[in-house]
Structure formats: structure tokens, C-alpha cells
Amino acid sequence: MATLVYVEDHEGEPVKGSLGVLSKAAKLGDDVVAVLCGSGVEGLGEQVGKYGAARVLVADDPALEAPLPQPRVDVLAKLVESEGFDTVLFGASVLTADVAAGLAARLDAGLNWDLIDLEERDGKLVGKRPALQDSVLLDVGWKSEPRLALIRSGTFEPVESGGTAEVAKVPVEVEDWSKQAVMLERAHEESEGPSIEDAEVIVAGGRGLGKPENFSLVEGLAKALGGAVAATRAVVDAGWYPYASQVGQTGKTVAPKLYIACGISGAIQHKVGMQNSGTIVAINKDPNAPIFEYSDLGVVGDVHEIVPKLTELVRAKRAT
Ligand SMILES: Cc1cc2nc3c(=O)[nH]c(=O)nc-3n(C[C@H](O)[C@H](O)[C@H](O)COP(=O)(O)OP(=O)(O)OC[C@H]3O[C@@H](n4cnc5c(N)ncnc54)[C@H](O)[C@@H]3O)c2cc1C
């Protein structure tokens, strides 16, 4: 396999999900090349090279400053054609979903998306894709090359290989039609602490909190633990918390060491986004709530009583 892994960058760092995909690709075969596309990203090449790539190609050009898909499709299409990659892998994100779809159209290639595993079987690449609200896993393949795949976010952990990679700049030629879309404005959401994708501890809130103001309870506990706040779709849809915090089938997939679910019933669509967490703790007043079926520790009780006490205990413990 000649595999190209697209490594996305954000605020001067390679995105963790992309590095996880790179690590997985390196485990599958030794001919793995990573590509960075951006402006001022040359310095990231060495860092990316620690995750198992034999080579890191860097497309560094002002035309790639904005996170827009078409200029990236131009770069990737030329690389696939000139270097003969038979497989192109992406860690899923808003940007890469567009880049992968654009590249599939440009190269007339097959794209499998939302994969949660990849393996080589009898010399063929096979992907695993959850279906029917994540209740079954399908084996998926490709009829032709190049094979394109988007991997569900948070699926693979980045693992340093102990090796280094050759870093090389590649020319950037952007087609005229790719310059038609321009970025008019970028807004930066102010947030404290780690993002839910990177956090080792997540405190998540659901409808059991009763009202949006009560999210201060989960925020207080998350802060005491140095973690991030997540939410269910029910509260995101109700406008209590931003979509960026939603965990589950139509939100993010997370895998922290500790996941504390406060007032969350544990619907299958929520479970699929957090079931790979190390330790799951649930606080729910209903002893029959489905979340207790897959929690390591369950507390039957009222979040309004338990969460403040727990926060106090954590703060006191940390202060000693
Ligand atoms: C196609 C599709 C995609 C979906 N995608 C997602 C997704 O990505 N993420 C997601 O989360 N959901 C998703 N859902 C919605 C999902 O089915 C559930 O409706 C949702 O997860 C429920 O959220 P909740 O647990 O906050 O609310 P509820 O199901 O209403 O549960 C609230 C819980 O709080 C408990 N409670 C109430 N008061 C208290 C209290 N004072 N103290 C302690 N416990 C209390 C209750 O016993 C209950 O168990 C999706 C649904 C569909 C159909």
C-alpha cells in the first residue's frame, strides 16, 4: 500500500485526530506519507514525522491560509497523480469532510466515511463502519484505487513511533476555480481549559440538570478536575449548550480517561460517542436509567445535591 495521510493543522498544531490516523496507517504498512497543507506550517513537519510517517510532504503557501477545501483538493489530487498513492486517509472534521469529498469527485475515487477501524485482509484494505444507529458494524471496501477514507474523530490515539521522517516541501498550484471561494471572516470561540477531544476528564450534562443555568454545576466540577464540559443532544437542541460540546452519534466521539455523566439517560446515540472512555461515572436519580448498564460507577441521586458536594470534595483534595 502507498498511503497518504492528510494531517490537518489548527492554531499552529497538528490536529490530534489526524496524528491518530497517521499512527494507525503506519501500523498497517511502512510506506506511509503524511501531507500538511497550510500557510506557515513548514515548522510542523518534524513534529508530524514522529508519528510513523516515512516522509512528510509540506504544501506551505499563502493560498492555503484559509481552511477552505478546494485549494487542498488541488494539492492532494496532484500528489496522488504524481506519486501514485493508492490510499488517502483523513481524520474526520468539518474541513476534511469537504476535502475528501472534493478529492473523491476530482479523482473519480470511492470514499468510505465514518470508519472506526481499518485492517488489511488478504492483501485488501477493509474498513469498519457503524450502521443502524451504531448497533451493527459493516465491513466496507473499495472497487478501485485510489481508496479514500474518512475516519471518525477520536478513533485512533496518536502514538509516537520513535522514528523521524524526511520532510520535503511540495509545489502548490491552485486552480483558478479554487480561488473563487474566499474566507470573509473567522470567529474564535473563547473557551477555558482543554477541548472535549483532548481532555482527559469530561463532565457531561444532560436534561436532568433541569435548566441551562444549572450547567454551572458541571462547569464547576469540570474546572475542579481540570477537565472539559460536554453535553447531550437534548440540551444542545434546547439551546442550553453549544453544539461544539455535543457528544454522540451526531456530535463528537470522545475517549477521555474519566467521563462523568450528570443527569444523562444514556441513549444509544449518546453512548456511541463516549463508550470508549476509560472510566464512566453516572449520576442519575432514576436507578433504571440505561446509562447505569455501561457505567463503571453509578450514583443514584439528584445532580443538584451530588455535583456541588463532589466539586467541594475535589477542590478540598486538590488543595491539600
Ligand atoms: C438520529 C439521532 C441522533 C442523535 N444523536 C445524538 C447525539 O449525538 N448525542 C446525544 O446525546 N443524543 C443524540 N440523540 C438523542 C438521544 O436519543 C437522546 O434523546 C438524548 O441523548 C437524551 O439526552 P438526555 O440524556 O440529556 O435527556 P433525557 O433522555 O431526557 O434524560 C435525562 C435524564 O436525567 C435524569 N434526571 C432528571 N432529573 C435529574 C436530577 N435532578 N438528578 C439526576 N438525574 C436526573 C433522568 O432520570 C433521565 O435519565 C440522537 C437521536 C437521534 C434520533
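As the structure lists them, so they are numbered: ligands from 1, and atoms in each ligand from 1.
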| message | Please list, in number order, the atoms of ligand 1 under 4.0 Å from a heavy atom of G251. | response | 8 (O)
| query | Taking only heavy atoms of G248, which atoms of ligand 1 are found under 4.0 Å from at least one of them? | reply | 7 (C), 8 (O), 9 (N)
| When you measure from the side chain of K124 to the backbone N and O of G141, does any donor-acceptor pair fall under 3.5 Å? | no
| More than 12 heavy atoms of other residues, nucleotides or ligands under 6.0 Å from NZ of K128: is that the case? | yes
| task | For ligand 1, note which part of V247 has a heavy atom under 4.0 Å away: side chain, backbone, both or neither. | result | backbone
| request: With heavy atoms under 4.0 Å as the rule, classify the contact between S265 and ligand 1 as side chain, backbone, both or neither. | output: both
| G205: heavy atom below 4.0 Å from ligand 1, yes or no? | no
Identity of the nearest option to [atom], non-hydrogen atoms only, from [options]:
| atom | options | value |
| --- | --- | --- |
| atom 18 (C) of ligand 1 | A204, G266, C262, A267 | A267 |
| atom 39 (C) of ligand 1 | G301, G206, G208 | G208 |
| atom 7 (C) of ligand 1 | R207, Q246, E305 | Q246 |
| atom 46 (C) of ligand 1 | D286, L209, D302, N284 | N284 |

| Under-4.0 Å salt bridge between E200 and K257 | yes
| field | Contact list for residues 282-309, test salt bridge (Lys or Arg N to Asp or Glu O under 4.0 Å), sequence neighbours left out | value | none
| Test item: P130 and I116 side chains (from C-beta on) under 4.5 Å apart, heavy atoms | yes
| said: I want to know if ligand 1 touches I283 in the polar sense, i.e. an N/O pair below 3.5 angstrom. | reply: no
| query | Is there any N or O on A289 that sits under 3.5 Å from an N or O of ligand 1? | reply | no
| message | Same cluster or not: V99 versus V7, using hydrophobic residues (I, L, V, M, F, W, Y) connected whenever any side-chain heavy atoms lie under 4.5 Å apart? | response | no
| message | Once side-chain hydrogen bond (donor to acceptor under 3.5 Å, both in side chains) is applied, what residue pairs with a partner in residues 37-47 remain, sequence neighbours excluded? | response | E13-Q47
